[in-house]
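Heads up: numbering here begins at 1 and tracks the sequence. Counting convention: from 1, in listed order, for ligands and their atoms alike.
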Amino acid sequence: MAGSPASVAGATSVGPSAVRLDPRVVPRLLNWFAKARRPLPWRARREAYPIWIAEVLLQQTRVAQAVPYYRRFLDRFPTVEALAAADLDAVLKAWEGAGYYARARHLHAAARAIVADRGGRLPRTRDAWRTLPGVGDYIAAAVASLAYGEPVLALEANGLRVGARLAAETAPIDRARTRRRLGEALEARMPADAAGAFNEALMELGETICLPRKPRCGECPLPPFCRARATLADPGALPTRSPRPPKPAVRAAVVAVQWRDRLLVRRRPMSGLLGGLWELPGGKIEADELPRAAARRELREETGLRVGRLVPRGTIRHEYSHFRVTLYAFTTSVGGARPPAVRGGRWATRAAIDRLALPKATRRLLSRLPERPSARRGGARPGSRSRPGHRASSTPAGARATGRRARAADGPASAGRRRARR
Ligand code: ADE
């Protein structure tokens with residue numbers, strides 16, 4: 001696939017453990033970036049707070065998609081103090097739609113730690129950033145280098161792709177060993193006085209020119225130094241990835257239970273998939289179980305409520321990072337002078353629901369239901385009260401099925417890039 005080592009200027013593979021990049025890559029890259037740099041909102045000033053928020057968003061979201069979320073978040077929480085003072089609910093609401101909600105929970109926790117422990121002063125070094133909740137190697141290095149010029153490499157997927165092509169690295173990019181090798185090669189060339197620009201230029205090149213499948217090699221400032229370009233018919237064939245097992249497919253049933261102009265919603269546990277968001281009761285359909293029976297069972301298990309007839313409202317598909325789910329939607333309504341007592345739920349109007357942070361799947365599902373989903377066809381049955389000691393089934397349908405609840409990322413599939421198919 002790749003040509004022999006040293007056959008092309010730019011990168012020399014000198015065995016499986018080391019890669020060297022031509023030093024001339026650096027001025028070319030920086031000159032190009034000085035001209036091509038997009039005026040993205042977090043680039044207006046070199047300030048750590050906006051850069052931090054942007055980098056957290058950009059971890060799983062493309063620039064074009066991230067910008068509106070970034071603006072909304074910064075409008076709502078313009079300073080670390082404002083973020084720390086906010087309720088988690090308000091933070092989740094501002095993050096709604098961006099996915100991977102642990103990011104928002106961690107931002108909030110980190111802001112509180114900065115205010116409580118550091119008098120609101122943001123850390124300046126990678127090591128100090130690293131101590132905050134949710135701040136990993138990449139975010140720490142990105143903020144420290146972009147905001148304060150600390151000479152540390154911040155390498156994300158776009159920069160890695162550029163490095164892999166420069167070096168014609170054929171080993172799978174998802175392997176830690178491969179990433180380390182490329183990281184070391186890039187770090188060796190990082191100019192100590194322009195680390196932020198170097199890091200950002202790599203990302204920018206990867207995002208605008210060195211595209212995943214169809215790189216625009218004709219517009220690239222580095223052609224003489226790119227081994228992939230020099231040695232491959234299709235430089236877009238790199239980087240390679242290890243084969244991924246297909247995502248498990250899960251079926252779940254959810255119920256919109258109506259009392260007067262209110263629907264029953266419940267909050268997910270703070271940790272885990274979609275933590276802290278609100279949704280309709282429901283859960284995984286067991287093997288050999290009919291969707292309607294599952295809906296009834298989940299509703300009973302989660303809230304203690306027993307209802308009459310469930311009206312089917314079609315299905316919705318949604319894809320998460322680790323599994324795909326088909327949601328079977330049902331509606332029902334209950335009567336009574338007062339809303340039935342439920343365990344762990346809340347009867348909310350549509351307007352109140354709009355103010356809650358909801359998963360995309362729930363939002364879509366609600367938009368599909370009529371305002372008054374069904375005339376009262378059943379009504380709460382006797383014994384619908386919550387039963388003490390009953391299991392509160394709070395695990396999401398899909399996550400439970402994968403057995404990976406704690407780890408499953410709650411963003412849309414493909415690192416936030418593929419739109420949910422619903
Ligand atoms: N992707 C991640 N961080 C980025 C940044 N600062 N600019 C552009 N794209 C990015």
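A salt bridge does not link K93 to D354: none of the charged side-chain nitrogens sits closer than 4.0 Å to a carboxylate oxygen. A salt bridge does not link R37 with E204: none of the charged nitrogens is closer than 4.0 Å to a carboxylate oxygen.
For the pair V152 and T125, the minimum side-chain heavy-atom distance is 4.5 Å or more. Counting only heavy atoms from C-beta outward, the side chains of Y328 and T326 approach each other to under 4.5 Å. Two residues are said to be in side-chain contact when any heavy atoms from C-beta on lie closer than 4.5 Å; L107 and F77 fail this criterion.
Of the polar atoms of E55, at least one N or O is found under 3.5 Å from an N or O of ligand 1, judged by distance alone.
In N158, neither the side chain nor the backbone holds a heavy atom less than 4.0 Å from any atom of ligand 1. With a 4.0 Å heavy-atom cut-off, ligand 1 is reached by the side chain of E156 but not by its N, CA, C or O. Contact annotation: for I51 versus ligand 1, there are no heavy atoms closer than 4.0 Å.
Below 4.0 Å from some heavy atom of M203 lie the following atoms of ligand 1, by number and element: 1 (N), 2 (C), 3 (N), 4 (C), 5 (C), 6 (N), 10 (C). The ligand atoms of ligand 1 that sit less than 4.0 angstrom from a heavy atom of Y138 are 2 (C), 3 (N). Ligand 1 places these atoms under 4.0 Å from at least one heavy atom of W42: 5 (C), 6 (N), 7 (N). Residue contact check: L146 has heavy atoms under 4.0 Å from atoms 6 (N) of ligand 1. In the vicinity of V63, heavy-atom distances shorter than 4.0 Å reach the ligand 1 atoms 9 (N).
The closest protein non-hydrogen atom to atom 8 (C) of ligand 1 is R43 NH2, 3.2 Å. Ranking protein heavy atoms by distance to atom 1 (N) of ligand 1, first place goes to E207 OE2, 3.0 Å.
Formation of a donor-acceptor pair under 3.5 Å by the R268 side chain with backbone atoms of L277 is not found in this model. In this structure a side-chain-to-backbone donor-acceptor pair under 3.5 Å is present from R368 to T315.
In the displayed structure, R121 atom CZ is contacted under 6.0 Å by at most 12 heavy atoms of other residues, nucleotides or ligands.
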